[in-house]
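Here is how names work: the chains are called A, B, and so on, in the same order as the sequence lines, proteins then strands, and each is numbered from 1. Remember, it's a predicted structure, so these values are computed and weren't measured experimentally.
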Number of protein chains: 2
Amino acid sequence: MRVKEVADLVGISVRTLHHYDEIGLLVPDQVTESGYRIYSDENLATLQQILFFKELGFPLKKIKEIIQSPSFDQYEALQLHREILIKKRDQLNQMIHTVEKTILHLKGEIEMANEERFEGFDFRKNPYEEEARKRWGDQTVDRSNEVIRNMSKEEQKAFAQSFDAIYRNLASLRHLPPDSEKAQAAIKEWYELLNKINYYSLEMFKALGQIYVDDQRFTKNIDQYGEGLAQFMCEAMAVFADQPKK
Amino acid sequence: MRVKEVADLVGISVRTLHHYDEIGLLVPDQVTESGYRIYSDENLATLQQILFFKELGFPLKKIKEIIQSPSFDQYEALQLHREILIKKRDQLNQMIHTVEKTILHLKGEIEMANEERFEGFDFRKNPYEEEARKRWGDQTVDRSNEVIRNMSKEEQKAFAQSFDAIYRNLASLRHLPPDSEKAQAAIKEWYELLNKINYYSLEMFKALGQIYVDDQRFTKNIDQYGEGLAQFMCEAMAVFADQPKK
DNA sequence: CATAAAGTATCACGTTACGTTAGAGTCAAA
DNA sequence: TTTGACTCTAACGTAACGTGATACTTTATG
């Protein structure tokens, strides 16, 4: 299928398909000698996933990460889609209820507080991002794991020891406030060590801390060094990332 | 209520509130001497409307037009909100069904065509725009009516006569194809006459033609000159607006 | 086969709706 | 009084296309 056919079938623009190709989000399986994009059935299946995540409010960059994640599984994604759609339907029922209450309020039949006006309406940041991260991990983490996998045994051992040392140090500091000098010094070491493996911006670093508590696998692993360490690190990493810029 | 309180209550950013004030979409009822915005309960009610239309995919510019339309009525808007929410809920049920079918397809239990993958998903342009236009009219039309109302009686009479003449001419041409030379010449006159009253871009002109058939009031009025004239004009105006640019 | 219209490509500026950062002023609580 | 939170304006940046232009390709028809 060429661009117009796909665009018409799906209800998006040709420009959108061009754009998705450009950014590597949906690359057609084939391109003719004259440069025409040919989309396969597989491309269409992927497009469905893309459009669904987009509908849920995910930025394209994030969608790309998700569907290209090693652990991404189409079947699992569809299960999530179904769950979320059901959740949204329930939310819609709540919204209908709120609007109905507002109508009654306008007719003077009931009282209504300002808070009630917005019940069921959720304008905050994409609430489904957490869900996706839990299922498909974080690309930065995945890349780090990849880098470590490609290290020599000696290098791996050296890093493992550094990891161990820092975890132990942090475990011994976890009774301190996350923003204390000692905690922050240890976190700085942690930040620098991670940046030896793979580039982490402060923002990524902070998000990683959040993953430590959100993802049971990380929490379990880290809390071996001391109960509550994952939570402590999460907070300390946020402080570190949020410190005033120099 | 000041910006942070409103932002936290509703789940939007302070920046958004600033932006809405800047573009005149939501202007706080009060501003302190130090320049602080103070939002009233009435402002919150308007914000609810704004956020709802925004959730439905309306551009802010359009939302502004709607809520500032002379015929905008909050009660009516809430009724529409309720209708649309119910529609969306039904659509969600369809989407759930489609996803479930996709899951079965993936498990090899059923066959599925490409078209079926996207059933219930609607990625086209805002489908609720028509609904809103029907209820709250078109700002350009409203402004034209306003201009005419402020004309002297002589001017009004002169324009009425010009309107009449063009309608009659077009009525006599409606058996021709909308893109015929004669039809297009008459439509050009119509375009120029309207632009004497109020500025119409080609895009607006085309949208106005659509209003002639969508809005019963216009259809009735125009079809007095000849059955099907509104439809004919709609098509001819679209041709005129879409003609190659010179 | 020739032609015209529809389809397709790339390029690049424009649009919309904020997000983000910076620097300065204001408010409220301790 | 001090400090931290809040608020303001200004302005650049970002994401995701929309739009218009120009040139090449494909398809259907006479």
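Mapping Val14(A) and Val14(B) onto DNA chain D by nearest heavy atom places Val14(B) closer to the 5' end of the strand. Projected onto DNA chain C by closest heavy-atom contact, Lys4(A) and Lys61(B) fall at different nucleotides, the more 5' of which corresponds to Lys4(A). Between Leu60(A) and Ser34(A), the residue whose closest nucleotide on DNA chain D is further toward the 5' end is Leu60(A).
One can place CZ of Arg2(B) at 9 Å from P of dC8(D), the figure rounded to the nearest angstrom. A straight line from CG of Asp8(B) to C1' of dA5(D) spans 12 Å, rounded to a whole angstrom. Between Phe58(B) atom CZ and dC18(C) atom P there is a gap of 16 Å when expressed in whole angstrom units. Rounded to whole angstrom, the span from the CD1 atom of Ile50(A) across to the P atom of dC17(D) amounts to 11 Å.
Applying the 4.0 Å criterion to OP1 and OP2 of dA17(C), one finds that Lys64(B) has every side-chain N and O outside that range. The shortest distance between the side-chain N/O atoms of Arg15(A) and the OP1/OP2 oxygens of dT15(C) is not below 4.0 Å.
Contact check on Lys62(A) versus Glu65(A) returns a salt bridge, with a Lys/Arg side-chain nitrogen under 4.0 Å from an Asp/Glu carboxylate oxygen. With respect to Lys87(B) and Glu83(B), no salt bridge is recorded, no charged nitrogen being found less than 4.0 Å from a carboxylate O. Salt bridge status for Glu55(B) with Lys88(B): absent, with no side-chain N to carboxylate O gap under 4.0 Å. Salt-bridge check for Arg174(B) with Glu235(B): failed, with every basic side-chain N at 4.0 Å or more from each acidic carboxylate O.
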Trace of the ring pair (Phe, Tyr, Trp, His ring centres under 6.0 Å) decision for His175(B) with Phe232(B):
CA-CA 9 Å; His175(B) 61 282; Phe232(B) 176 73; 8.5 Å; no

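The shortest distance between side-chain heavy atoms of Tyr39(A) and Glu5(A) does not fall below 4.5 Å. Side-chain contact between Tyr20(A) and Leu60(A) is present, with heavy atoms from C-beta onward closer than 4.5 Å.
Shown for residues 16-26 of chain B: residues whose heavy atoms fall under 4.0 angstrom of DNA chain C, namely Thr16(B), His19(B), Tyr20(B). Residues from residues 35-43 of chain B placing a heavy atom under 4.0 Å of any atom in DNA chain D, listed by number, are Gly35(B), Tyr36(B), Arg37(B).
Heavy-atom neighbours of Glu22(B) CD from other residues, nucleotides or ligands within 6.0 Å: above the threshold of 12.
In the helix from dC1(C)-dG30(D) to dA30(C)-dT1(D), the rotation axis of the first five pairs and that of the last five pairs differ in direction by 30°, rounded to 10 degrees.
Checked by atom type and distance alone, the side chain of Asn43(A) pairs as donor or acceptor with a backbone atom of Ser40(A) at under 3.5 Å.
In this structure, Ser13(B) reaches the sugar-phosphate backbone alone: every heavy-atom distance under 4.0 Å involves primed, P, OP1 or OP2 atoms, never a base.
Between His81(A) and Phe53(A), the ring-plane angle classifies as perpendicular under the 30° and 60° cut-offs.
One distance of note links CD1 of Ile66(B) with CD of Gln68(B); it measures 11.0 Å at 0.5 Å rounding.
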